[in-house]
Amino acid sequence: MSATLATEPREEAPARVGDEAGWESVVERVRTSVTTMCEPVGVTSSVRAELRGLAPPTSRMRQQVLKIAEEAAHHALRDTPPQTITITLRRGDGGLLLEVLDDGSEGEGVRSKRALAALRGRVAPLGGSAELRRDDAGWVMRVRLPCEQLN
């Protein structure tokens, strides 16, 4: 019995359109995971998606989008839980835009340093960017991930 050692990284094949491993599956996994995190602490969550025109996600992209959404929800719930968290996944310039809005009131310095460092650590290997800021209604976390577009 012999084993072969792969020295070249293999390119992941994207999921086929209509596959259960496509964007619909990613959205449902995000919805389920975030709801599971929010319900026990009385926080209302919603997940919206408009991903038409994006190429089907690779396995790595599916996993990382879920982890990024979970990380963002975790930071929103960590200290002073908001009443609502809304996650939006949509096609943006050059790929996927993931936005997490929450109405939490935690002070800016503490949350932004912790959350932004964690999010940037997750998006950097994918060639993406992350930003977190306070606005009038609470917190806005925005992640941009490069993703092939079909049209």
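Computed from a prediction, not measured in an experiment: that's the story for all the values here.
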- Note on the structure: Nearest heavy-atom contact between Ala118 and His75 is CB-NE2, 3.7 Å
- Message: Applying side chain to side chain contact (heavy atoms under 4.5 Å, CB included) to Leu89 and Arg48, what does each step give before you reach the verdict?
- Response: CA-CA 6 Å; Leu89 296 109; Arg48 301 179 199 153; over 6 Å; no
Scan the side chains in residues 120-129 for donor-acceptor partners under 3.5 Å anywhere in the protein, sequence neighbours excluded, and list what turns up.
unit_1, atom_1, unit_2, atom_2, d
Arg120, NE, Ala130, O, 3.3
Arg120, NH2, Ala130, O, 3.4
Arg122, NE, Glu71, OE1, 3.1
Arg122, NH2, Glu71, OE1, 3.4

- In this structure, NE2 of His74 is separated from NZ of Lys67 (nearest 0.5 Å) by 12.5 Å
- Message: Just checking Gln83: does its CD atom have more than 12 heavy atoms from other residues, nucleotides or ligands closer to it than 6.0 angstrom?
- Response: no
- If you draw a 6.0 Å radius around CG in Asp135, do more than 12 non-hydrogen atoms from other residues or ligands fall strictly inside? yes
- Message: Main chain of Gly92, side chain of Gln149: is a donor-acceptor contact present, judged purely on distance under 3.5 Å?
- Response: yes
- Task: Side-chain contact test, heavy atoms from C-beta onward, threshold under 4.5 Å: evaluate it for Met141 versus Val143 and give yes or no.
- Result: yes
- Heavy-atom side-chain contact between Val26 and Pro57 under 4.5 Å: yes
- 4.5 Å side-chain heavy-atom contact, Thr84 and Leu101: no
- What closest approach, in Å, do Pro82 and Gly104 show between heavy atoms, and which atom pair accounts for it? CB-N, 3.4 Å
- Message: Quick check: closest heavy atoms across Leu51 and Arg91, and the distance to 0.1 Å?
- Response: CD2-N, 4.2 Å
- Item | Any side-chain heavy-atom pair of Ile68 and Leu119 under 4.5 Å | yes
Pair up each side-chain donor or acceptor in residues 33-45 with any protein partner under 3.5 Å, not counting sequence neighbours, and list the distances.
unit_1, atom_1, unit_2, atom_2, d
Ser33, OG, Glu70, OE2, 2.6
Thr35, OG1, Arg31, O, 2.7
Thr36, OG1, Thr32, O, 2.7

- For the pair Val140 and Val100, evaluate side chain to side chain contact (heavy atoms under 4.5 Å, CB included) and give the outcome as yes or no after the intermediate values. CA-CA 6 Å; Val140 178; Val100 180; over 6 Å; no
- pair Met61-Leu145: side-chain heavy atoms closer than 4.5 Å: yes
- Query: Going by heavy atoms in the side chains, are Leu96 and Arg144 under 4.5 Å from each other?
  - Reply: no
- CZ (Arg29) with more than 12 external heavy atoms under 6.0 Å: no
- Crowded around Glu28 CD? As in, over 12 foreign heavy atoms under 6.0 Å? yes
- How far apart are the C-alpha atoms of Trp139 and Leu132, what are their side-chain angles, what is the distance that settles it, and do they pass the side chain to side chain contact (heavy atoms under 4.5 Å, CB included) test? CA-CA 7 Å; Trp139 288 90; Leu132 177 68; 3.8 Å; yes
- Item | Donor-acceptor pair, side chain of Trp23 and main chain of Ala55, under 3.5 angstrom | yes
- Query: Ion pair present between Glu50 and Arg52, side-chain N to carboxylate O less than 4.0 angstrom?
  - Reply: yes
- Item | Backbone N/O of Gly138 and side chain of Asp103: donor-acceptor pair under 3.5 Å | no
